[in-house]
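The block underneath contains the structure these notes are about, expressed in structure tokens.
Each chain gets a letter, A, B and so on, in the order its sequence line appears, and its residues count up from 1. Heavy atoms only: backbone and side chains are in, while hydrogens, waters and symmetry mates are out.
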2 protein chains.
Amino acid sequence: MRSVKRIADSTIRRLSVYLRFLEDFESRGLATISSDELARRGGTTSAQVRKDLSLFGSFGKRGLGYSVPELASRLREILGLGRQWKVVIIGAGKIGAALVQYLGLKQRGFRVLAAYDSDSSKIGKTFEGIPVRDVGHLERDARKNPPDIAVLAVPSDNAQAVVNRLVACGVKAILNFAAAQLQVPSDVTVKTVNMAMELEGLSFALTSRD
Amino acid sequence: MRSVKRIADSTIRRLSVYLRFLEDFESRGLATISSDELARRGGTTSAQVRKDLSLFGSFGKRGLGYSVPELASRLREILGLGRQWKVVIIGAGKIGAALVQYLGLKQRGFRVLAAYDSDSSKIGKTFEGIPVRDVGHLERDARKNPPDIAVLAVPSDNAQAVVNRLVACGVKAILNFAAAQLQVPSDVTVKTVNMAMELEGLSFALTSRD
DNA sequence: ACATGTGAACTGCTTCACAGCG
DNA sequence: CGCTGTGAAGCAGTTCACATGT
């Protein structure tokens, strides 16, 4: 992939948004789209759209716009969605179970291998065809079939310990739902989704309006 | 609250992180903490911590640091956590149910009034003591007991229609779990949590490493 | 004529470095 | 002396505006 310069997180999020709209347009058979149209739908500006895309190449035709199928395909390639990523989910509580279901049903390109838990009353069950396995088997399983991405849905107290094990297994990408600040080596990417933080952001917004 | 200047989103997220650590220190009876210590635990720099706090006032003592209980209390006040926010959850599917549970059990300061759904097989049930009500009753309920915050856990296609109704009900803060770009008036704050986007961010990170 | 691609200007967040004060 | 509070400097992301290509 060789990116010449570091790409901002915000850019990648916008590319995801553009791709979502492009796939919608694609399914409706539209052939081309302008940066202006993408911007309007994505809640940004046409200059931003063009700048985002220009970081990866020149995909448009002057005077015309972008070919919908081609741009969609380019974005999928940029985002690494051309392959199946192998995902494990750690924690099969309410959140973990909801994530299994969500990923199992909705998300192409991400295949859930298994969920893991330490609660013996859950181990052996399946959610949407995904087995719940003993978290003690994590390392053994990972040696046979190494996951690319781990989704963490365990209590905050256990989070760092589990992360250490995942890192030792060679996992390089973690989606963290625990309200904990995780320490990882610099070659491991962590994205944290923190309900409490989002709610506090809303609380601040409500409070700071006059 | 009267903020003199606009506060960055990133600042607010860091304040949440600081508060989490302060509450931990508080419960362990520690009296003071330095910006350096907070920075280390929060994965940032001491200068950043001091700058973040200085946007709201001077809470520390030179040569000493910050009083843990006082700073915690100040942050709670800044973030608007001194009161109970009334929350409704729209959508009682797997995600909605998981959120009801999470908010009901874990989150002080946010009281869930009800969940809403259109599926008659769900209406009338309760999750963790929270009633699932007919979404048709939303407006009537809101008039009697107006919610401050709405959590959106409905399919993307319905999201905008529901948002329009929420806005009409006077809701000024929305936590959106639907993969949709929402249009709202400028006095309404929306925070979107988008699984697909986060996963695509991880996919990009995995792909763009050499 | 129209819409892209991009250097330049701008805006705003982060980092630096040090004066100020306990 | 130690640590805060803060202008100034540095850096990164966004917006502008126009040359360029079709």
Side-chain angles (χ1 to χ4, degrees), chain A residues 3-18 21-22 25 30-72 74-75 78 181 197 201 204 208, chain B residues 3-18 21-22 25 30-72 74-75 78 181 197 201 204 208:
Chain A
S3 351
V4 170
K5 45 184 333 184
R6 218 195 128 276
I7 304 295
D9 229 64
S10 48
T11 300
I12 298 303
R13 275 208 296 279
R14 283 191 300 269
L15 294 185
S16 285
V17 172
Y18 305 155
F21 288 119
L22 285 167
F25 293 141
L30 299 176
T32 62
I33 188 165
S34 67
S35 59
D36 204 63
E37 176 78 2
L38 267 175
R40 198 137 28 76
R41 307 247 179 179
T44 180
T45 66
S46 63
Q48 183 73 79
V49 172
R50 295 198 300 277
K51 184 64 93 178
D52 287 339
L53 298 177
S54 78
L55 295 171
F56 298 95
S58 300
F59 309 134
K61 292 202 201 332
R62 288 163 197 256
L64 225 164
Y66 302 87
S67 151
V68 169
E70 189 204 322
L71 185 55
R74 292 306 196 104
L75 289 184
I78 290 164
Q181 216 66 16
M197 217 173 268
F204 174 76
S208 63
Chain B
S3 352
V4 169
K5 48 184 332 186
R6 219 195 128 274
I7 304 294
D9 229 65
S10 49
T11 300
I12 299 304
R13 276 209 297 277
R14 282 192 300 270
L15 294 185
S16 285
V17 172
Y18 305 155
F21 288 118
L22 285 167
F25 292 140
L30 300 176
T32 62
I33 188 166
S34 66
S35 59
D36 205 62
E37 176 79 1
L38 266 176
R40 198 136 29 74
R41 307 246 180 179
T44 181
T45 67
S46 63
Q48 182 73 78
V49 172
R50 295 198 300 278
K51 185 64 92 180
D52 287 339
L53 298 177
S54 77
L55 296 171
F56 299 95
S58 300
F59 308 134
K61 293 202 201 331
R62 288 160 199 258
L64 226 166
Y66 301 88
S67 152
V68 169
E70 190 204 321
L71 186 54
R74 292 306 197 107
L75 289 183
I78 290 165
Q181 216 65 16
M197 217 173 269
F204 175 77
S208 63

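- Between the CG atom of A:Asp9 and the P atom of C:dC13 there is a distance of 17 Å, rounded to whole Å.
- In this structure, the side chains of A:Met197 and B:Val17 come closer than 4.5 Å at one or more pairs of heavy atoms.
- Between C:dT4 and A:Ser35, a contact under 4.0 Å exists linking OP1 or OP2 to a side-chain N or O.
- Distance B:Lys61 NZ to D:dG5 C1': 14 Å, rounded to the nearest Å.
- Considering only side-chain N and O atoms, A:Tyr66 lies under 4.0 angstrom from the phosphate OP1 or OP2 of C:dG5.
- Across the protein-nucleic acid pair, B:Leu64 atom CG and D:dG5 atom P stand 11 Å apart, rounded to whole Å.
- Between B:Ser10 and C:dT14 there is a side-chain N or O to OP1 or OP2 distance below 4.0 Å.
- Comparing D:dG13, C:dG5, C:dA8 by their nearest atom to the side chain of A:Lys51 picks out C:dA8.
- B:Leu15 is not listed as a side-chain neighbour of A:Phe204, based on a closest heavy-atom distance of 4.5 Å or more.
- Within the 4.5 Å cutoff, the side chain of B:Leu53 has heavy atoms near those of the B:Leu75 side chain.
- When the C1' atom of C:dG12 is taken as reference, atom CG of B:Asp52 falls 14 Å away, rounded to whole Å.
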Next item on the list: Take A:Tyr18 and A:Asp52 through the test side-chain contact (heavy atoms from CB on, under 4.5 Å) and record every step on the way to the result.
Entry: CA-CA 10 Å; A:Tyr18 305 155; A:Asp52 287 339; 2.7 Å; yes

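- Between the CZ atom of A:Arg13 and the C1' atom of D:dG13 there is a distance of 13 Å, rounded to whole Å.
- One can place CG of A:Leu53 at 15 Å from C1' of D:dT14, the figure rounded to the nearest angstrom.
- Across C:dA17, C:dT6, D:dC3, the shortest atom-to-atom separation from the side chain of B:Ala47 is found for C:dA17.
- For B:Gln48, a side-chain nitrogen or oxygen approaches OP1 or OP2 of C:dT15 to under 4.0 Å.
- Checking the phosphate oxygens (OP1, OP2) of C:dT15, no side-chain nitrogen or oxygen of B:Arg50 falls inside 4.0 Å.
- Applying the 4.0 Å criterion to OP1 and OP2 of D:dT14, one finds that A:Arg14 has a side-chain N or O inside that range.
- Between A:Phe21 and B:Gln181 there is a side-chain heavy-atom pair separated by less than 4.5 Å.
- Closest to the side chain of B:Arg62, out of D:dT14, C:dA3, D:dT4, is D:dT4.
- Between the CZ atom of A:Arg6 and the C1' atom of C:dT14 there is a distance of 14 Å, rounded to whole Å.
- The CD1-C1' distance, from A:Ile33 to C:dC2, rounds to 16 Å in whole Å.
- With DNA chain D read from its 5' end, the first of the two nearest nucleotides for A:Gly63 and A:Ala8 is the one closest to A:Ala8.
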